[in-house]
There are 2 protein chains.
Amino acid sequence: MARFKGQAEYSVDSKGRTAIPAKMRTALSPEALGTFTLTKGFEQCIYVYPLDQWKIKEEEYGNLNTNNRDARHLVRMILMWAEEVSLDGQGRISLPKALSDFAGIRDKVLIIGAMDRIELWNPEHFAHYLLEHTEDQETLAEKVMGS
Amino acid sequence: MARFKGQAEYSVDSKGRTAIPAKMRTALSPEALGTFTLTKGFEQCIYVYPLDQWKIKEEEYGNLNTNNRDARHLVRMILMWAEEVSLDGQGRISLPKALSDFAGIRDKVLIIGAMDRIELWNPEHFAHYLLEHTEDQETLAEKVMGS
DNA sequence: GACTGCGTGGGGAAAGGTGGGGAATTTTCC
DNA sequence: GGAAAATTCCCCACCTTTCCCCACGCAGTC
């Protein structure tokens with residue numbers, strides 16, 4: 001499985017394209033075929049899953065019973081935002097308008113490696129996010145991984 | 001199996017035709033033969049099943065116990081609205097009047113990929129639908145897919 | 001100091017969405 | 001039963017968007 005890490009602030013050009021950092025590109029499995037599935041993240045950002053990783057997610061959703069009202073709604077909410085994009089010859093992807101609108105991304109994007117996915121943030125929004133979550137890492141670690 | 005995802009707002013022309021997004025067309029299996037079965041959706045929308053996927057649904061409904069009053073009624077309700085349509089040379093389908101009336105679709109249509117089917121919504125109705133389902137994704141995911 | 005890798009920008013060709021005309025078929029009405 | 005009207009289907013044409021390719025400049029490396 002691909003393990004992404006690190007951060008970078010890149011620009012988004014007039015055509016809505018942004019480069020994926022070379023370090024993250026080299027972390028991709030060959031099975032990903034240079035293709036990602038972008039979707040709406042929890043919090044105001046875009047989740048970027050490599051194709052092979054997304055297949056696993058998709059499988060889960062496909063097994064839900066669509067005769068169940070809540071399941072139907074969940075599938076709608078997740079899939080309507082999902083979009084498949086591929087790297088161009090320069091190692092860039094183009095951001096679907098619906099998603100960059102949602103995340104408030106315009107001409108700058110903060111790219112964060114987060115294990116099995118990459119996250120795209122509006123740099124300013126991310127700064128705000130940090131301000132709202134001032135708990136220090138030590139406390140969090142204890143809360144989450146404690147016992 | 002075809003896996004549809006993404007969203008798009010397209011127009012419906014004066015002849016009641018609407019294009020199927022190219023991304024969804026490429027997701028079609030060859031067995032679908034560019035043919036869909038449209039039927040009344042749960043919630044106020046139109047369900048669009050590729051031919052091969054519809055066969056599976058048909059099988060499911062065919063296996064229901066027709067001695068059961070509810071099952072009998074459900075099958076009637078679903079099948080009486082079902083209609084088969086094919087893509088034209090431009091990748092469009094024409095919407096049966098009964099269905100577009102039911103969904104309230106006029107000159108604009110919101111097209112949503114939802115796994116094995118495509119959904120057609122009146123954009124405004126969909127906005128209302130979203131307002132009525134404000135549960136956040138995280139809670140819903142937990143409810144539906146367990147811990 | 002030249003070379004290579006990487007992020008950025010843009011031009012041109014191809015594809016995709018939209019609209020409409022006209023022939024063939026079906027429906028309706030006299 | 002036949003003519004008129006409406007509908008359906010197939011094709012062509014336009015225009016915007018997308019995709020693919022080429023080019024530049026900066027940075028780190030040998």
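In what follows, chains carry the letters A, B, and so on, assigned in the order in which the sequence lines appear, proteins first and then strands, with residues in each chain numbered from 1.
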Asks: Taking atom P of D:dC9 as reference, at what distance in whole Å does atom CG of B:Leu95 sit?
Replies: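 Taking CG of B:Leu95 and P of D:dC9, I get 13 Å after rounding.
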Asks: Going by number, which of residues 97-124 of chain A have a non-hydrogen atom under 4.0 Å from DNA chain D?
Replies: none
Asks: How are the rings of B:Tyr129 and B:His133 set relative to one another: parallel (under 30°), tilted (30 to 60°) or perpendicular (over 60°)?
Replies: tilted
Asks: Any salt bridge linking B:Arg3 with A:Glu59? Criterion: basic side-chain nitrogen under 4.0 Å from a carboxylate oxygen.
Replies: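 Salt bridge present between B:Arg3 and A:Glu59.
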Asks: Give me the residues of residues 9-26 of chain A where at least one heavy atom lies under 4.0 Å from an atom of DNA chain D, by number, or none.
Replies: A:Lys15, A:Arg17
Asks: Which value, rounded to the nearest 0.5 Å, describes the distance between B:Ile78 atom CD1 and B:Lys40 atom NZ?
Replies: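 It comes to 10.0 Å.
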Asks: Can you tell me how far P of D:dT18 sits from CD of A:Glu84, to the nearest Å?
Replies: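 In whole Å, D:dT18 P and A:Glu84 CD are 17 Å from each other.
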Asks: Do NZ/NE/NH1/NH2 and the carboxylate oxygens of A:Arg117 and A:Glu119 come within less than 4.0 Å?
Replies: yes
Asks: Find the distance A:Asp88:CG to C:dG10:P and express it as a whole number of Å.
Replies: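 Going from A:Asp88 (CG) to C:dG10 (P), I get 15 Å.
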Asks: How long is the line joining CZ of B:Arg92 and P of D:dC10, in whole Å?
Replies: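 Value for this atom pair: 12 Å.
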Asks: Minimum heavy-atom separation for A:Asn122 and A:Gly104, please, with both atom names.
Replies: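 Nearest pair, atom of A:Asn122 first, then A:Gly104: ND2-O, 2.6 Å.
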Asks: Rounded to the nearest angstrom, tell me the gap between atom CD in A:Gln90 and atom C1' in C:dG7.
Replies: 10 Å
Asks: Return each pair, listed once, that meets side chain to side chain donor-acceptor pair (under 3.5 Å) where at least one residue sits in residues 100-115 of chain B; pairs must be two or more places apart or across chains.
Replies: B:Lys97-B:Asp101
Asks: Can you classify the ring geometry of B:Trp54 versus B:Tyr49 as parallel (below 30°), tilted (30 to 60°) or perpendicular (above 60°)?
Replies: tilted
Asks: Decide yes or no for B:Trp81 and B:Leu99: does some side-chain heavy atom of the first lie under 4.5 Å from some side-chain heavy atom of the second?
Replies: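 Sidechains of B:Leu99 and B:Trp81: in contact.
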